[in-house]
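Please read the structure below before turning to the comments.
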Amino acid sequence: MSTRGIGYVAILLLGSLAMSALGEPAVAAESFEKVILNGATIVVDPDEPSYVRFAADELTAYLKESTSGNVATEGSSPARIVVGAKMVGEVDPQALPEAKLGLEGYRLKCVIRDGVAQVFVTGREPRGTKAALAALMKAVRIDGRAAVVPASLDVQGKPAFARRGMHLNGWPLNYPYSFRNWREEDWQRYVDLLSCQGVNLFYLWPFMEIMPVPLSSEDRAYLEESRRLVEYAQKKHGMEVWIMQCTNRVARDRCGVADPRLRPYWRPSQVDLNPGKPEDLRAILESRETMYRILDNVDGVCNIDSDPGFFPGSPMSDYVKVLQECRTLLDRYNLHGKQAKLVHWMLWGWGRAEKIQREGLAEHELAELRAVKQGLSERFWLISGQFPEYLPMCRDEGLISRTIHLPYGAIEGEPAYPQTQVRIDPIRAMFDGPDAQMPELAGIMGNVQTPLLQFPNWFFFTSVMSDFDYRKRSESEVLLDLAECLYPEHKELIADSFSALKASDPGRIESLAGRLEDVLRKGGLKRLGVLGRKLFPDPGIVATSLCLQLRLRAAHQRLMGGTATAATKEECARLLGDYFDAYIAWDLAHGWHKLWGWDTWPLPDLPVATLAENLRKSLHNGEDVDACLDAVARRLSGKHDAAIVQGGCITPLRSALGR
């Protein structure tokens, strides 16, 4: 049953639960193998915060979806899922988590009394109860038509970091691969996904830098939608929400595009102003004030010191002046007043002559940090990214307890060709390193460019943020865990498919692609896991993307292997045609080259020089090369746009072959 209107249920059941606790002793959990949750009653006190009640609603919905409302055994008493410290404390105070686990400490415990299973799901504080509900959802397994948990379940834990964040940054690709064109309900589902993984700091970039003031109706509507999203994350999930801004980039026009979701960036009309000039400073602050007045409910505003936004030669005092004025505006307009955080993101350094250059960067950033510290009287927080020199600076300046570590690019590079990466071991090494384990660090944050493609790394990163011991899981175990959360009925196939994105055997890769395509064709993704149920625009997006990438991987391996030894012109043409066909199909799905042009980053991840050398062994003269490439072009132009075939495939390879 839904926990909406749960107050009535809680009042009715509390007495019977308490009497049960004081009556017959609990049956040893070892006497039972599992607890069946079909038809379970979820008991929540009506005074629990909105995010606890929402999480209980999510648990209810998940159990119904997973079991289709089936009751596993006739005549059995439905289990009771008792949620929250007040309810659990009245029934069985010994089931509360240890106090030393703190604000987000939680416990899951199964107890059998009078033949009735009770599952205690609680923290001592509401945030711990929210964590417990998420942990229970992941602990549920479907056994036939029954939702079950082990009868011996008794787990305590707490998140590894107090603040566990996620930032989205990237480029406007095809829907839904880029977050830039997501709809409001898409954003809500992604926030649900983050919350399920224990993320409690949502870092949103409204892109005020591409919206000129006064705002158009479309731009205002977009910012108002962003405000609703902030409220959704706060009330439904208890998240802290920061928004991002650049120091000095301001839009002069809308680039002829009314919808900000579709508006291009960065363009000449989105300029970096000089805060040392009074008229430029006024323009910067007018833009930021407009955003603050609408997004007045955020918990923090983060200012990046460069890229985007930069002004060579500008003194530190001008940068600090912008921050001071932003602080004043936040105090004036934000609902949290002086409690709203102002965050300084240390990136490439304000005002350097060369923006993206490592030489002298550490010294510059230290001077910048000290200037900010002096100018803001320590009323600020920090994001340290993306170089290892930064965190020790924050520690040495006494600011580490207000510093979020952002190992930029750990989950996914940016900009990077949009394809699923599986690099569990490098992420593990990052968490095993000194930065992530620095004492008193306020938290850690990841970033993604293509959120719906990066589930392996995203899942591992967020799992370790919530459970530090999870970093010890092997790559194969992580992929199987992820697959269970996405498509549990096909978890082995999904895990193997993710793994095959790094495989070298084209036959095995093609076999997996075929099996996965067969599942999709027959509508086989029926029961969805705790993450799969939140995918959009349809639940099959991860599986569909995997199929396209597996076909590309298999064609890549066949091409490199088949041309490594002498091959006929016809074999070369077939292998090249198969690879280019798969490459174009995947690229057209996400739109990378529609954004950048086919002459930018051509043939990503293909060792073109090695391929050209291989082809020269088989194509002995220029006439053979031309004949082979012409045959490939004719074949592909019958299926794809001829300009794409030439610009994205034939021309770069012809150039590599010296033709």
Side-chain angles (χ1 to χ4, degrees), residues 1-4 6-7 9-10 13-14 16-18 20-21 26 29 32 34-67 77-99 101-113 116-141 147-159 192 195-198 200 236-238 466-467 485 530:
M1 65 179 289
S2 171
T3 53
R4 294 186 176 89
I6 197 69
V9 175
L13 291 182
L14 182 57
S16 63
L17 285 168
S20 176
F32 296 81
K34 57 194 174 186
V35 171
I36 298 172
L37 301 181
N38 296 45
T41 299
I42 299 179
V43 188
V44 184
D45 187 89
D47 292 331
E48 289 284 359
S50 58
Y51 55 84
V52 171
R53 288 180 277 117
F54 183 82
D57 276 342
E58 287 287 274
L59 173 62
T60 302
Y62 177 57
L63 292 176
K64 286 184 176 180
E65 293 163 11
S66 298
T67 63
S77 299
R80 291 168 177 154
I81 301 174
V82 187
V83 177
K86 180 178 180 181
M87 289 296 184
V88 172
E90 300 243 7
V91 178
D92 185 355
Q94 298 303 312
L96 292 170
E98 297 176 20
L101 293 175
L103 178 66
E104 292 187 272
Y106 67 88
R107 188 175 190 181
L108 304 178
K109 183 178 182 182
C110 289
V111 173
I112 313 296
R113 290 191 173 96
V116 176
Q118 299 184 84
V119 183
F120 299 126
V121 187
T122 186
R124 287 183 175 268
E125 301 290 339
R127 294 189 182 279
T129 299
K130 176 182 178 297
L133 283 161
L136 178 60
M137 287 181 71
K138 288 186 177 180
V140 170
R141 293 294 180 266
V148 303
V149 292
S152 59
L153 181 66
D154 189 355
V155 176
Q156 294 193 84
K158 70 172 184 176
D192 293 345
S195 181
C196 189
Q197 284 296 104
N200 65 357
K236 299 297 187 184
H237 295 295
S466 291
D467 177 6
C485 291
V530 292

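Just so we're clear, the structure is a prediction, and the values are computed from it rather than from any experiment.
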**Q.** Residue of the set D154, V155, L153 for which side-chain contact (heavy atoms from CB on, under 4.5 Å) holds with C110
**A.** L153
**Q.** Close side-chain approach of L108 and V119, heavy atoms under 4.5 Å
**A.** no
Q | D47: side chain to side chain donor-acceptor pair (under 3.5 Å) partners, not counting sequence neighbours | A | none
Q | Flag side-chain contact, heavy atom, 4.5 Å: Q156 against P97 | A | yes
Q: Answer yes if the side chains of S195 and K130 hold a donor-acceptor pair under 3.5 Å, and no otherwise.
A: yes
Q. So do C196 and M137 actually touch side chain to side chain, heavy atoms under 4.5 Å?
A. no
Q. Can Q118 and V91 be said to form a side chain to side chain contact (heavy atoms under 4.5 Å, CB included), step by step?
A. CA-CA 10 Å; Q118 299 184 84; V91 178; 3.9 Å; yes
**Q.** Residue pair V530 / Y62, side-chain heavy-atom distance below 4.5 Å
**A.** yes
**Q.** Lys/Arg cation over aromatic Y106: R127, 6.0 Å, 45° cone
**A.** no
(Q) I'd like to check V121 versus T129 (side-chain heavy atoms, cut-off strictly below 4.5 Å). Are they in contact? (A) no
Q. Within a strict 4.5 Å, meaning less than it, do heavy atoms of the V148 and V140 side chains meet?
A. no
Q. Looking at residues at least two apart in the chain, or sitting in another chain, which of them share a side chain to side chain donor-acceptor pair (under 3.5 Å) with D192?
A. Y232, H237, K534
**Q.** Residue that, paired with I81, satisfies side-chain contact (heavy atoms from CB on, under 4.5 Å) out of L63, L133, T41
**A.** L63
**Q.** Straight-line distance of L96 CG to K109 NZ, nearest 0.5 Å
**A.** 10.0 Å
Q.
Tell me the closest heavy-atom pair linking V44 and A56, and the distance in Å.
A. CG2-CB, 3.8 Å
Q. Taking the side chain from T122 and the backbone from A85, do they hold a donor-acceptor pair closer than 3.5 Å?
A. yes
Q) Okay, side chain of N38, backbone of A147: is any donor-acceptor separation there less than 3.5 Å? A) yes
Q.
Does L59 form a side chain to side chain contact (heavy atoms under 4.5 Å, CB included) with I42? I'd like the steps, not just the answer.
A. CA-CA 9 Å; L59 173 62; I42 299 179; 3.9 Å; yes
Q: Identify the heavy atoms of F120 and R113 that sit nearest to each other, and give their distance.
A: CZ-NH1, 3.8 Å
Q. Which atom pair, heavy atoms only, marks the closest approach of E48 to G84?
A. OE2-CA, 3.4 Å
(Q) Looking at every heavy atom in both P78 and G39, which two are closest together, and how far apart are they? (A) CB-O, 3.2 Å
Q. Of all heavy-atom pairs between L37 and A79, which one has the smallest distance, and what is that distance?
A. CD2-CB, 4.1 Å
(Q) Within the 4.5 Å heavy-atom criterion, are D92 and V82 side-chain neighbours or not? (A) no
Q: Only counting residues at least two apart or in another chain, list the ones meeting salt bridge (Lys or Arg N to Asp or Glu O under 4.0 Å) with E125.
A: none
Q: For residues Q94 and R107, report the shortest heavy-atom separation together with the two atoms involved.
A: O-NH1, 2.7 Å
